[in-house]
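Below: the structure, in structure tokens.
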Amino acid sequence: MVADGQARSQGRRRLSRTPPITAVWPGRSYPFGATWDGEGVNFALFSENADAVTLCLFDAQGRHELQRIPLRERTDHVWHCYLPEARPGLAYGYVVRGSYQPEQGHRFNHHKLLIDPYARDFVGTLRWSDALYGHTPGHRKGDLSFDRRDSAPYMPKCRVLEPAFTWGDDRRPVVPWHDMVIYELHVRGFTMRHPAVPEPLRGTYGGLASAPVVAYLKRLGVTTVELMPVHSFVDERRLVDRGLRNLWGYNSLGFFAPEMRYSHSRKVKEFKTMVKTLHSAGIEVILDVVYNHTCEGDHLGPTLSLRGIDNASYYILKEGERRFYDDVTGCGNTVNLEHPRALQMVMDSLRYWVEEMHVDGFRFDLASALARESGHVAHFGGFFDVIRQDPTLNTVKLIAEPWDLGHGGYQVGNFPLGWAEWNDRYRDGMRAYWKGDGGVIGEFARRLTGSSDLYGRSGRRPHASINYVTAHDGFTLHDLVSYNDKHNLANGEDNRDGHNHNLSWNCGAEGPTGDAQVNALRERQKRNLLATLLLSQGVPMLLAGDERGRTQLGNNNAYCQDNEISWVDWTETPERELLHGFVQRLLALRRAHPSFRRRDFFAGRPLHGGQQKDVVWLCPNGEEMTSQQWEHEHARCLGMLLAGRSIDDVGKHGRPIVDDDFLLLFNAGGEDVEFTLPASAGEPWQVLMDTAQPSGIAGAGGVAPGGAVRLQARSLVLLTRVSTLAADAGGEPPASSQGTR
């Protein structure tokens with residue numbers, strides 16, 4: 001894109017039969033991006049510090065430049081024009097001219113083609129070349145050099161989108177927070193090996209919307225899929241050089257365009273069809289979004305979009321050293337949401353995905369980075385205030401990953417009202433308890449009951465806690481009980497990447513083994529962790545494939561493994577069938593009984609005139625635990641009694657909702673325990689579940705109050721009985737009760 005390259009540009013133009021655009025109108029400064037209005041296309045790009053902006057038009061495949069149009073209109077730092085002859089499908093990019101002074105924070109380079117940050121669609125893919133850098137890589141001046149090579153041949157191009165789509169009567173399922181069960185999945189990894197998905201659709205939005213996959217999700221019993229990043233992203237050069245790809249997608253190029261590698265049709269409407277299909281099945285769609293940084297990396301990274309459009313406005317620069325970025329993300333840069341236009345870009349993106357793509361909410365990667373003002377997470381203003389008052393966004397699901405890598409970035413429990421959070425203290429507490437660590441039963445109990453210590457003080461409810469034992473980042477459930485150490489050599493970083501503090505236990509052998517006892521214990525530990533997760537207060541999140549024993553062979557950082565390591569294996573085995581059935585029954589149980597999805601925290605006292613506390617903690621002798629017993633280092637066994645009459649909620653007729661009584665017995669120790677049941681009068685207890693059994697199903701028979709249950713080592717037993725008060729005229733049975741015995 002050199003200044004004297006007009007002849008070359010004319011040569012490219014002769015390769016196309018597309019006539020040049022002759023009419024250029026002033027256009028409007030809003031909306032941003034390329035907007036088709038049915039008659040023509042309006043282009044608008046913000047750059048506060050640019051000297052000139054040029055719109056570059058390409059053929060439909062984005063391979064040949066056709067024309068350049070200087071944007072002569074500028075309103076409030078927004079450069080704009082209107083092309084009445086332009087139509088959807090037109091490929092374009094920008095060249096932005098300004099000063100190249102990295103030490104002052106300016107990195108304009110008019111030789112580099114730039115992506116419109118508001119682009120709704122892309123054509124082509126990025127091909128790595130030194131020409132993509134604003135500076136000459138390896139030059140003795142480092143990033144202070146100025147590179148004059150044309151980057152256009154190596155860049156994807158933006159494409160004007162025709163937004164029309166027949167949504168029909170599509171509407172958000174609006175699953176209540178306390179009824180949600182989140183299923184975190186990767187569009188490509190979930191469907192790549194599914195035998196019932198047509199091969200051309202595997203790994204795509206169309207594959208996720210296919211009948212076999214939707215039926216699987218419905219039968220499993222999840223309410224909400226949380227898709228790992230689907231914003232357009234690029235593979236890092238260092239990965240490409242090693243023959244790898246970025247699978248996870250936390251490397252955003254564009255915040256408005258869906259990633260086309262997941263589209264069989266290469267059309268945006270495939271994503272919309274997926275959302276509509278899942279909605280028809282009553283399943284919500286939440287997107288994992290990355291607004292904290294972009295794929296342009298640190299000061300030595302490429303110039304692809306924001307860096308070349310207005311580096312000093314879009315990124316947080318180091319005070320006094322504006323050549324460098326203030327990086328709290330670990331990815332080289334941090335988007336500057338203190339700048340009103342950068343903040344507007346993120347807000348416009350969020351609204352676009354809700355209004356135009358019909359998604360139901362967002363999980364924000366490294367959300368603490370979005371809260372930083374003047375470098376500190378001093379309070380949750382700016383971005384969070386804007387969302388709170390936004391009539392579109394304050395009605396969707398908002399979930400924070402409540403930390404970043406900067407000072408003071410760990411903010412679990414501190415996000416504002418209306419936000420839920422990934423609760424890593426839940427993850428660590430449950431892993432430590434079932435691993436057999438001592439002195440953790442207090443932490444275990446707090447997390448099991450919804451983490452009121454984290455969320456109750458601010459007026460939030462148990463659903464503010466997104467409970468998980470495993471997620472995309474870290475071991476799968478199978479690997480959590482099969483490996484003591486990470487095994488990430490396939491990533492090409494000498495096993496240095498990934499977490500070292502996994503709180504995992506291999507049950508006696510590292511990795512695959514033929515030892516039947518070790519394998520049986522691993523299956524039991526999976527059942528223990530899954531049962532605990534799905535019977536806890538708060539919103540449970542399952543990692544896709546955990547219900548099928550998916551393994552990554554000990555890789556706890558498989559972000560670059562776009563292969564069988566990361567793809568869900570749909571091959572059936574007896575162990576997988578048993579585990580899958582166990583999870584289905586657990587989810588049906590949770591769905592049927594409000595005792596496991598209470599809307600409020602436990603009060604520790606009787607409610608609605610009952611005689612029994614809403615929750616009672618028991619020792620193996622059947623007595624209520626004392627404050628001293630919570631501190632015992634050796635304690636591994638405890639019970640939790642849930643009174644079905646003491647649910648602090650009312651039904652549609654205004655009467656208190658009642659449920660059966662439930663008793664959960666936990667034993668993370670290595671020895672069997674004779675657990676005496678409470679002697680309070682009532683119906684006999686029925687054993688619903690025993691994780692010591694391969695199927696998780698307990699044998700028939702009841703246990704009288706005051707009787708004993710043999711609680712095997714490292715197992716969980718669930719018992720139930722009809723509450724003596726549940727049939728009172730003043731009570732209302734759970735509306736969703738389906739009968740779980």
Side-chain angles (χ1 to χ4, degrees), residues 27-37 40-48 50 53-58 62 69 71 73-83 86-96 113-124 126 155-163 229-234 252-260 268 271-272 287 289-291 293-296 303-311 313-315 335-337 339-357 359 362 386 390 392-393:
R28 304 179 306 278
S29 61
Y30 190 84
F32 293 123
T35 306
W36 161 247
D37 62 7
V41 180
N42 191 80
F43 293 87
L45 180 77
F46 164 77
S47 181
E48 181 177 348
V53 174
T54 301
L55 175 66
C56 304
L57 305 183
F58 294 81
I69 300 174
L71 302 191
E73 297 293 328
R74 186 184 186 191
T75 306
D76 297 334
H77 304 307
V78 179
W79 305 74
H80 52 91
C81 76
Y82 183 85
L83 305 183
R87 295 293 180 266
L90 177 69
Y92 72 98
Y94 287 103
V95 166
V96 180
L113 185 74
L114 303 173
I115 291 297
D116 179 0
Y118 277 75
R120 269 70 166 174
D121 192 15
F122 290 110
V123 58
L126 183 140
M155 287 286 290
K157 311 304 185 295
C158 311
R159 184 160 55 186
V160 178
L161 180 66
E162 165 57 78
V230 296
H231 286 173
S232 180
F233 65 92
V234 301
S252 300
L253 175 64
F255 295 137
F256 291 78
E259 175 55 49
M260 282 294 105
V268 172
F271 181 93
K272 296 181 178 181
L287 302 187
V289 289
V290 187
Y291 293 111
H293 73 279
T294 75
C295 63
E296 292 184 300
T303 296
L304 308 176
S305 183
L306 302 182
R307 174 173 285 144
I309 293 171
D310 196 342
N311 185 68
S313 294
Y314 281 111
Y315 292 119
V335 175
N336 179 21
L337 294 193
H339 193 288
R341 290 304 192 189
L343 176 60
Q344 181 181 13
M345 176 185 68
V346 172
M347 296 300 297
D348 287 347
S349 170
L350 291 169
R351 278 190 295 268
Y352 176 78
W353 286 96
V354 174
E355 295 172 349
E356 295 293 329
M357 309 296 261
V359 304
F362 306 94
V386 173
D390 188 281
T392 295
L393 300 179

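Since this is a predicted model, take the numbers as computed values, not measurements.
- No donor-acceptor pair under 3.5 Å is formed between the side chain of Asp121 and the backbone N or O of Arg159.
- The shortest non-hydrogen separation linking Pro117 to Leu45 is CD-CD1, 3.8 Å.
- Between Ala342 and Leu337, the shortest heavy-atom contact is O-CD2, 3.9 Å.
- Looking at every heavy atom in both residues, Phe271 comes nearest to Leu287 through CZ-CD2, 4.1 Å.
- For the atom pair CE of Met357 and OG of Ser349, the computed distance is 10.0 Å after rounding to the nearest 0.5 Å.
- Side chains of Tyr314 and Asn336 form no contact here, defined as non-hydrogen atoms less than 4.5 Å apart.
- In this structure, the side chains of Val160 and Tyr92 come closer than 4.5 Å at one or more pairs of heavy atoms.
- Among all heavy-atom pairs drawn from Pro31 and Asn42, the shortest one is O-ND2, 4.0 Å.
- Val290 is not listed as a side-chain neighbour of His231, based on a closest heavy-atom distance of 4.5 Å or more.
- Checked by atom type and distance alone, the side chain of Trp353 pairs as donor or acceptor with a backbone atom of Phe255 at under 3.5 Å.
- Proximity of a side-chain donor or acceptor of Ser232 to a complementary backbone N or O of Leu253 within less than 3.5 Å is not detected.
- Distance check: Leu113 CG to Thr303 OG1 gives 12.0 Å after rounding to the nearest 0.5 Å.
- The two atoms that bring Thr75 and His80 nearest to each other are OG1-NE2, 2.8 Å, heavy atoms only.
- In plain terms, the two heavy atoms of Arg87 and Val41 that are nearest each other are N-CG2, 4.2 Å.
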What verdict does the side-chain contact (heavy atoms from CB on, under 4.5 Å) test give for Asp76 and Ser29, after you've listed the backbone C-alpha separation in whole Å, the side-chain angles of each residue and the deciding distance to 0.1 Å? CA-CA 8 Å; Asp76 297 334; Ser29 61; 5.9 Å; no

Give the C-alpha distance, both sets of side-chain angles, the deciding distance and a yes or no for side-chain contact (heavy atoms from CB on, under 4.5 Å) between Met345 and Leu306. CA-CA 11 Å; Met345 176 185 68; Leu306 302 182; 4.2 Å; yes

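- Heavy-atom neighbours of Asp37 CG from other residues, nucleotides or ligands within 6.0 Å: above the threshold of 12.
- Atom-to-atom distance recorded for Phe362:CZ and Leu350:CG is 4.5 Å, nearest 0.5 angstrom.
- Applying the side-chain hydrogen bond (donor to acceptor under 3.5 Å, both in side chains) test between Tyr315 and each of His293, Glu296, Arg307 identifies Glu296 as the sole match.
- Between Val96 and Trp79, every side-chain heavy-atom pair lies at or beyond the 4.5 Å cut-off.
- Classification of the Phe46-His339 ring pair by plane angle, with boundaries at 30° and 60°, yields tilted.
- Counting only distance, with no hydrogens or angles, the side chain of Tyr94 and the backbone of Val53 share no donor-acceptor pair below 3.5 Å.
- Residues Thr294 and Ser305 have side chains not in contact (no heavy-atom distance under 4.5 Å, counting atoms from C-beta outward).
- Remark: Arg120 CZ to Phe256 CZ distance equals 5.5 Å, nearest 0.5 Å.
- Taking CG of Leu90 as the reference point, atom CZ of Phe43 lies at 5.5 Å (rounded to 0.5 Å).
- Residues Phe32 and Val78 are in side-chain contact: their nearest non-hydrogen atoms beyond the backbone lie under 4.5 Å apart.
- Note that OG1 of Thr54 is 10.0 Å distant from CD1 of Ile69, once rounded to the nearest 0.5 Å.
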